[in-house]
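Side chains are part of it too, since the values below use all heavy atoms of this structure and drop only hydrogens, waters and symmetry mates.
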Amino acid sequence: MQIYMVSGRSRFGEYTEVVDVFEDIKEKPNYYVCAGKRIDKNMIGKVEESKFSGSYRIALLDSDEVAEARKAIKDKVREYHQKELEKTKAALEAVDQHSLDSDIKFRS
């Protein structure tokens, strides 16, 4: 049995993607253990967001699903960038609409 781990992340405008294949898997009741990693059975085939922003991974048991997983991760990264862009636009609009006159206080 093998587990295919498809990972993708976007940092500093670069997109990197890796497909790892793990063998010698030990199966436990609720998870798999391979190469020192624990993979919950209920997360197989689902997109997981990792602790780094814009980083995602999918664990698969079937190599035929790797292409779909890669596309799903690319879509998630694109969605992440779209949200970040919208946050930046909203922040810039807030700065443009803010009046500094109301924040200036004079002491007498």
Side-chain angles (χ1 to χ4, degrees):
M1 183 175 158
Q2 294 178 324
I3 286 186
Y4 302 84
M5 181 69 74
V6 183
S7 312
R9 73 177 182 175
S10 182
R11 278 183 134 172
F12 313 118
E14 289 182 23
Y15 176 70
T16 55
E17 187 176 82
V18 177
V19 179
D20 291 317
V21 182
F22 297 107
E23 297 182 32
D24 299 326
I25 299 164
K26 294 179 181 145
E27 187 171 354
K28 304 288 182 180
N30 297 322
Y31 58 91
Y32 298 103
V33 179
C34 54
K37 295 187 179 194
R38 176 180 162 155
I39 301 168
D40 291 336
K41 287 183 177 179
N42 63 352
M43 293 309 292
I44 298 287
K46 295 181 183 173
V47 181
E48 289 182 79
E49 185 171 3
S50 69
K51 57 187 171 186
F52 300 108
S53 298
S55 299
Y56 301 90
R57 69 181 190 175
I58 304 177
L60 304 165
L61 300 177
D62 187 354
S63 63
D64 294 337
E65 297 172 349
V66 168
E68 289 177 33
R70 292 175 74 178
K71 183 182 179 313
I73 287 176
K74 284 181 183 176
D75 290 345
K76 283 286 186 183
V77 169
R78 192 175 300 118
E79 185 180 307
Y80 166 78
H81 279 297
Q82 190 63 37
K83 285 179 186 175
E84 290 299 306
L85 183 63
E86 288 171 11
K87 284 182 195 175
T88 303
K89 283 181 181 177
L92 288 173
E93 285 177 14
V95 168
D96 287 344
Q97 294 176 2
H98 187 72
S99 170
L100 292 177
D101 295 340
S102 61
D103 290 341
I104 298 173
K105 296 180 180 165
F106 295 98
R107 294 184 194 180
S108 51

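- Criterion: ILVMFWY side-chain heavy atoms under 4.5 Å apart, direct or through other members. Under it, Val21 and Val66 are part of a common hydrophobic cluster.
- A distance of 9.5 Å separates NZ in Lys76 from CD1 in Ile58, rounded to the nearest 0.5 Å.
- Residues Tyr31 and Ile39 fail the side-chain proximity criterion, which asks for heavy atoms closer than 4.5 Å.
- For the atom pair CD of Glu17 and OH of Tyr56, the computed distance is 13.5 Å after rounding to the nearest 0.5 Å.
- Atom CZ of residue Arg57 and atom CZ of residue Arg9 lie 13.5 Å apart, to the nearest 0.5 angstrom.
- The 12-atom threshold is exceeded at CG of Asn42, counting heavy atoms of other residues, nucleotides or ligands nearer than 6.0 Å.
- We find the CG-OH distance between Leu61 and Tyr32 to be 5.0 Å, quoted to the nearest 0.5 Å.
- Here the closest non-hydrogen pair linking Cys34 and Phe22 is SG-CB, 3.6 Å.
- In plain terms, the two heavy atoms of Ile73 and Gly8 that are nearest each other are CG2-CA, 3.7 Å.
- Met1 approaches Ile25 most closely through the heavy-atom pair O-CD1, 3.6 Å.
- For the pair Lys83 and Glu86, the salt-bridge criterion is not met [side-chain N within less than 4.0 Å of a carboxylate O].
- A salt bridge links Lys41 with Glu27: at least one charged nitrogen is closer than 4.0 Å to a carboxylate oxygen.
- When all heavy atoms of Ile44 and Leu60 are compared, the pair lying nearest together is CG2-CA, 4.4 Å.
- The distance from the CZ atom of Arg78 to the OH atom of Tyr15 is 9.0 Å, given to the nearest 0.5 Å.
- The OG1 atom of Thr88 lies 11.5 Å from the NE2 atom of His81; values are rounded to the nearest 0.5 Å.
- The shortest distance between side-chain heavy atoms of Glu79 and Asp75 does not fall below 4.5 Å.
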